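First listed ligand is number 1; within each ligand, the first listed atom is number 1. As a basis for the values below, the full set of heavy atoms in this structure was taken, side chains included, without hydrogen atoms, waters or symmetry mates. Just so we're clear, the structure is a prediction, and the values are computed from it rather than from any experiment.
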Amino acid sequence: MHLPSVGIDAIALALPQKFISLDELALARGVPPEKYQTGLGVEKMAIPGFEEDPVALAVNAARQLFRSSGCSPQQIGLCLVGTETPVDYAKPISIYLHRMLGLPSSCRVFETKHACYGGTAGLFTALEWIVSGSAQGRSALVVCTDIACYPLQSPGEPTQGAGAIALLLSANPRLLAIDPASSGVYSHEVYDFWRPLQHKNAIANGPLSIQSYLEALTNAYKNWKERNPQHAPLLRSCYHVPYGKMARKAHQHRLSLEKKNLSGSAHKEEIETSLVFPAQVGNMYTGSLYLALASLLHHEAPLLEGSWIGLFSYGSGCTAEFFAGKVSEQAGSTMKKLHVEYAFRNRQKIDIATYESIRLQAEHKAVPLVAESIPIEADLSQNVVFRGFDQSERRLYQNVPLHTKPANTNR
Ligand code: HMG
């Protein structure tokens, strides 16, 4: 099959420094721990502090991408941010990145939105920009950044999370080639999950959201099959992962559409390595599918070189896309250099009381006013934190050193 040689060249993550154990949350909520572990497939949940807002997370993921991939900000001609946690009605997160990464003035920047599909909207826009010839040899940066939030003690609480994923998209990609013209798409309007402008937390109709996700998968996959009747087998699959069990259910559902024998654990290997990272983070909304991809490639890239994998992106509301990617021949050596596992270093477990007080502060405490503006250099060797607002409600950020403590295995 003819495949234009465009796709994901590199990937990087930024995660909040704090997390909670879902076993401890279960205990605090009076729920059997198996419900979260097995019933939902979650183990740890990333908890962002005040200083880890969606802009800081996005900048930190993108700076890590430049540090690890060898790409320079000067090579970027398009910078898109997919998010459903915007910080302003008008000013997009992408323009903060433009400044804090030192992107060229001739770079096009904007934000893309459709719930968890927002990052995929950016990905396809960027791929088509490259295929069209507009890129003229330049690469695109797509960053997915979100904080997933439901009310404390609600059914959605164990399915929160946060983080950012940065994707470098280019011709002759070192990780995954994707043909933007051959995906399967499905959209229809539904109130399964929404985040009204006046609310900090999302509102979800849980059962309807699960039903809507599976219905969207059925239709996007059928559309993909119609467009690619002779496609090579998909050895692995990555799904949007609000929680691991949803992806497992989705995979079973897709196999049942193929009328495949579902007995035993024969198909487990097709998704399990993609769910290792998500179980340690929770729902990253726009970044969740790409966290699953990072997890899959981190664990299995050398084995999968030259093979096809399937990807399913779902955004509540709803729109969805099923597409295939071919793992590049140098994906194994590239993943080794990218060190996506660094994002899990130095994370610190907090107890449930601390988590609750962080959440209550975020809901009720005013963001600090910082008297003086803070000059910020596009210094890729440092991380960025949010400091507060100035008198005119401009957001202020500061560079801080990267963590220097040795890596530990406290993923
Ligand atoms: P719940 O009330 O915990 O649901 O809400 P439940 O009581 O049905 O339990 C969940 C599972 O745990 C069930 O398994 C139980 O059987 C099992 P299932 O029937 O699904 O296979 N269970 C146990 N297992 C082992 N031991 C036990 C035990 N007890 C029960 N003792 C729900 C779950 C996901 C609905 C809730 O957390 C929620 O509303 N989350 C937010 C919405 C969501 O994540 N929806 C997912 C699809 S929509 C989507 O992915 C889009 C999204 O990311 C947003 C966007 O697009 O921007 C959310």
Would you check whether [X] has a nitrogen or oxygen atom less than 3.5 angstrom from a nitrogen or oxygen atom of ligand 1?
| X | result |
| --- | --- |
| P155 | yes |
| E84 | yes |
| N283 | yes |
| T38 | no |
| D192 | no |
| Y213 | no |
| I210 | no |

[X] and [Y]: side chain donor to acceptor below 3.5 Å:
| X | Y | result |
| --- | --- | --- |
| T83 | Y285 | no |
| Y213 | D192 | no |
| S274 | R236 | no |
| Q37 | D23 | yes |
| S212 | Y314 | yes |

Atom indices of ligand 1, in the order listed, that fall short of 4.0 Å to a heavy atom of [X]:
| X | result |
| --- | --- |
| A115 | 55 (C), 56 (O), 57 (O) |
| T159 | 37 (O), 40 (N), 41 (C) |
| K245 | 14 (O), 18 (P), 21 (O) |
| C116 | 52 (C), 53 (O), 54 (C), 55 (C), 56 (O), 57 (O) |
| F193 | 54 (C), 55 (C), 57 (O), 58 (C) |
| G315 | 56 (O) |
| P32 | 31 (N) |

Would you check, one step at a time, whether the test side chain to side chain donor-acceptor pair (under 3.5 Å) holds for D146 with T85? CA-CA 5 Å; D146 272 305; T85 321; 2.4 Å; yes
Could you establish whether K249 and ligand 1 come within less than 4.0 Å of each other, counting only heavy atoms on the residue side?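 Yes, that is the case, since the closest heavy atom of the residue is under 4.0 Å from the ligand.
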Below 4.0 Å from any atom of ligand 1, is there a heavy atom belonging to Y150?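 The answer is yes: ligand 1 sits under 4.0 Å from a heavy atom of Y150.
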Nearest to [atom], what protein heavy atom do you find, and at what distance?
| atom | value |
| --- | --- |
| atom 35 (C) of ligand 1 | G206 CA, 3.6 Å |
| atom 23 (C) of ligand 1 | K35 CA, 3.8 Å |
| atom 26 (N) of ligand 1 | E34 CB, 3.5 Å |

With heavy atoms under 4.0 Å as the rule, classify the contact between P242 and ligand 1 as side chain, backbone, both or neither.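 For P242, the contact with ligand 1 is made by the side chain alone.
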Looking at E43 and K349, is there a salt bridge between them, counting it only when a charged N and a carboxylate O are closer than 4.0 Å?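 No.
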